[in-house]
A.B. asks: 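Could you have a look at this structure, given as C-alpha cells, before my questions?
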Amino acid sequence: MRGRLEDALSAAEVFNGNGTPTAPEHKILRRPAMKKALSKLLEQALLPVAGDHAGRLRHAGLEQARDARNGHYASSAAMQLAGRLKRPPAEIAEEIAAGLSQHSLIGRVETAGPGFINIWLDPGALQAELVRIVAESDAYGSCDIGGSRKVLVEFVSANPTGPLHVGHGRLAAVGDCLARLLEATGHEVWREYYVNDAGRQLAVLGLSVWLRMVQRENAGARFPEGAYRGEYILDLARRMADELPEAAEAARKGMGWPEDEPAHGKDADRYVDALINTARETLGDELFADIGRLAGEWVLDDIRDDLEQFGVGFDHWQSERELVTCGEIDACLKKLAGVTYRRDGALWFPAEKYGDEKDRVVVRADGRSTYFASDIAYHYGKRKRGADVLLDVLGADHHGYVGRVRAGLEALGEPPSSLEVLLVQFVALYRGGERVAMSTRGGEFETLRNLREEVGVDAARFFYVSRAGEQHLDFDLDLARKQSNDNPVYYVQYAHARVASLFEKMHARGIGFSPDDGEEHAGLLEHPREIDLMLALARLPETVEQAAVQRAPQVLAHYLVSLAQAFHGWYNHCKVLDAEPGLRRARLLLAQASGQVLRNGLGLLGVSAPRSM
RNA sequence: GCGCCCGUAGCUCAGCUGGAUAGAGCGUCGGUCUCCGGAACCGAAGGUCAGGGGUUCGAAUCCCUUCGGGCGCGCCA
C-alpha cells in the first residue's frame, strides 16, 4: 500500500520563490479542522443547556451557512433540542450563544429566525489558518480519521473483451478519486482490478478474432451477429496471424459453417456456441484456446495502458483464471460444503437464507464453477488478505449481484457489512443530438481512449467526478469537445496558474517574500474578498473528510469551483504586488496558501495543477 | 410482473443524509480594466424541485401513490 496522496502531490512545486519547502516543522500544529474545532466548542456550550440530550446531535447541528448573511457556520441545535427540552427553541439558542465563550476562533455569534445560532469566525483565526496551510503544505486537508483501516477498492474490472468505453471511464475516475480521498483521510488503500478471463466470453473473443482471420483470407466469409464486431477485432486478427503462423495457415484453408445463421437473441448465442465448437474442431482445442488467451492478454494490455494514461494505477490485477487454477475456488466451496446442496445435478448455494432473492448455482451440472463462485472466493480472499472494508465501485447493472456476494461472505463467517458497494450509473452518450449505443458486441461505442485524446485527461476526470455516482449522466460529445475551454476544470486550474504567474512576476520585479513576512502582516487581511477567500481555504479539510466519508467525490469538485470563484473574485478586487509593502506581504501569503489548497484539492481528483496554461 | 436507481433553471448538474429567500457552470441580456494572464470580474432574466397525498416547528431531502426514464431478475460473465 502506497501513499498516493504523497505521490500525487510531492511532484508539485511550491510557490515560495526558491522552490524549497517553506515552513519550519514547529509550525505544524496538530489542530483539528476549522469546522471540527467549532463543533467541539459548540458541544461544550451545549452541555450545560441540554445535558445528555446534547450527545444525540450530529456535529452539534453545525453546518456551513448557505447564505453569508447567516454567518460562516450555523447550528440548528436549539431547534432539534426544543422538543426534548420542552422549551422554545429561540430561548435555548440564546443560552447556547451566550455560552459560546469568547474563544479566539469565534468573531461573532447571533441568534436568528426560529432558533438558529449563526457564527462568524474571527478574522485572526482565518489568518492563522493561512500559516497552517503553508506549514502543512501538501498534507493540508488530510487527516487520520481512517485510523489506518484497510480499504480494498475494486473498480473498473471491465471484461478483457474490448477497449474501455466512456462508461468505464466514469468508474475509473470515481474509483481512483475515492481511493485518493480514503488515503488522504488516513485509510490504507489497495486498488484492484478483477479480470474476468475464465469464462465463455474469452472463447467468444477468440472466435471473433479467428473469424476475422478467416475473412482476411476470404472476403466472402460470414461474420455472425453474436460475435464481437468492433474494429479492434480486425487489428487483433492481423496481429494474431503474425503471432500464430499455424492459425494463419488454418485461416487460409477456411472453416465450414454449422448451419443457417439464426437471427437474434438467444438463438444467436446458441449459434455462436456452435461456431466455437466448429472452430475448436478445425483448430484443435489448444490452438483455439491460445487465440482466445492471447487476444485477451492484448486487450488487457490496451486497457492497462489506457488507464495508466488516464492517471489510474492498480496495486493488483486479479485474474479469475488464476483463482480457478490455484484452487481458491475449490477451497472456498469446501468451506461452504455445510450449506450448499445438490439439485438437478448442480451444486447450489442457499443465498435466500442469507437475504438474497433466490438460491444460486455455484457448480454447474457439467462440473464447471460459476462466475458467482469465483466472485465469492475473490471477495473472501480480499478479507483473508487483511482488508477491513471491501469497497466495490460497480456499474449500476451489477446491483443484482450485491445481495448474493454479501450472502456468500456471511456464509463464510465474514460480516456482510464489510462489503460496501458504490453503484455508478451508466453514461449515456450523445453525438449530434443522437444517442450513441454502447455495446461491445455491436462494436459501436466511444472509447475512453478517444475521449481522452479529444477532451484531455483533466477535463474528462473533472467532468466524471463532478457528478454524483447515482446520477445518470448524459455526455454530449460535441459539447464536451466544443466547450472544453468552458469546462469548470480550466476555471480552477486557471486560478492556480494565476498564483504561479503572480510569484514569477514578483521575482521579475525583484520583490522578496517569505511566509514569515506574510504572517507578520496577516492581520491586514480584512477586505471582504479576503475573508471570503480565507474562509474557502479553511474549508478544504472538512470537505475532504465529507467527500471521503460519504464516498462522494463530487463534493470536492464543487468545492474547488467555489474556491476558484473566491480566488478570482479576490484577485480582481485586491492588488497584490502593487499594494503597500506590509499588505503586499500579507496578500502574498494568501496567494501562496491559495495555490497550495488548489493544488492539494486538484491532486485528490487526479487533475493536474499547471503553473501556466 | 417483481426488485433497485433516478426525475431540480433552456442545457448539464450541485444541494453537506430534515433547516432560513433552492444554488453553480454553459447559454441569453447588460456592464467592468492604461488589467499582477480577460480562460477573469460585476449584475440581470430564468424554478408549481415530475404530479398528488402524508409525517412535523420546518420537506427538493423521509413515507405512500401516480406518471416518466434507466438497470436488473441465466447452470452468461
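Order of the sequence lines fixes the chain letters, A, B, ..., with proteins taken first and strands second; residue numbering starts at 1 for each chain.
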A.B. asks: Using atom C1' in both nucleotides, what's the gap between rG31(B) and rG70(B) to the nearest angstrom?
C.D. replies: 44 Å

A.B. asks: Looking at the base of rA77(B), is there any donor atom on it, or on the side chain of D197(A), that sits under 3.5 Å from an acceptor on the other one?
C.D. replies: no

A.B. asks: On a whole-Å scale, what distance lies between the P atoms belonging to rG27(B) and rG15(B)?
C.D. replies: 23 Å

A.B. asks: Does a side-chain N or O from S501(A) land closer than 4.0 Å to OP1 or OP2 of rC36(B), or not?
C.D. replies: no

A.B. asks: Can R404(A) be said to sit on top of Y354(A)'s aromatic six-ring, NZ or CZ under 6.0 Å from centre and within 45° of the ring axis?
C.D. replies: no

A.B. asks: What I want to find out is whether R368(A) reaches D366(A) closely enough, with some N-O distance under 4.0 Å, to be called a salt bridge.
C.D. replies: yes

A.B. asks: On the nucleotide rA77(B), are OP1 or OP2 found under 4.0 Å from the side-chain N or O atoms that R360(A) carries?
C.D. replies: no

A.B. asks: With respect to the phosphate group of rA20(B), does any side-chain polar atom (N or O) of R66(A) fall under 4.0 Å of OP1 or OP2?
C.D. replies: yes

A.B. asks: Any cation-pi pair here, R467(A) with Y464(A), using under 6.0 Å and within 45°?
C.D. replies: no

A.B. asks: Give one of base, sugar-phosphate or nothing for N118(A), where a contact means two heavy atoms less than 4.0 Å apart.
C.D. replies: base

A.B. asks: Assess whether one donor atom and one acceptor atom, taken from the side chain of N572(A) and the base of rA40(B), lie less than 3.5 Å apart.
C.D. replies: yes

A.B. asks: What does R69(A) touch in the nucleic acid at a heavy-atom separation under 4.0 angstrom: a base, only the sugar-phosphate, or nothing?
C.D. replies: base

A.B. asks: Starting at the 5' end of nucleotides 1-6 of chain B, put B wherever the base has a protein heavy atom under 4.0 Å, S where only the sugar-phosphate does, and a dash everywhere else.
C.D. replies: --BBBS

A.B. asks: Verify the contact: side-chain N or O of R364(A) to OP1 or OP2 of rA77(B), cut-off strictly under 4.0 Å; return yes or no.
C.D. replies: yes

A.B. asks: As a check on the pairing definition, encode RNA chain B in dot-bracket form, counting Watson-Crick and G-U wobble pairs whose two distances are under 3.5 Å, and using | for partners outside this strand.
C.D. replies: (((((((..((((.....[...)))).(((((.......))))).....(((((..]....))))))))))))....

A.B. asks: Answer syn or anti for rU8(B), where the cut-off is 90° from 0 on the glycosidic torsion.
C.D. replies: anti

A.B. asks: With rounding to the closest Å, how many angstrom separate the C1' atoms on rC33(B) and rC42(B)?
C.D. replies: 12 Å

A.B. asks: Indicate the ring-plane relationship of Y378(A) and Y194(A), choosing parallel, tilted or perpendicular according to the 30° and 60° boundaries.
C.D. replies: parallel

A.B. asks: OP1 or OP2 of rU17(B) less than 4.0 angstrom from a side-chain nitrogen or oxygen of R58(A), does that happen here?
C.D. replies: yes

A.B. asks: Can you confirm if the NZ or CZ of R529(A) lies within 45° of the ring axis of W570(A) and under 6.0 Å from the centre of its six-membered ring?
C.D. replies: no

A.B. asks: Would you check if Y491(A) stacks with the base of rG25(B), given a 5.5 Å centroid limit and a 30° plane limit, both strict?
C.D. replies: no

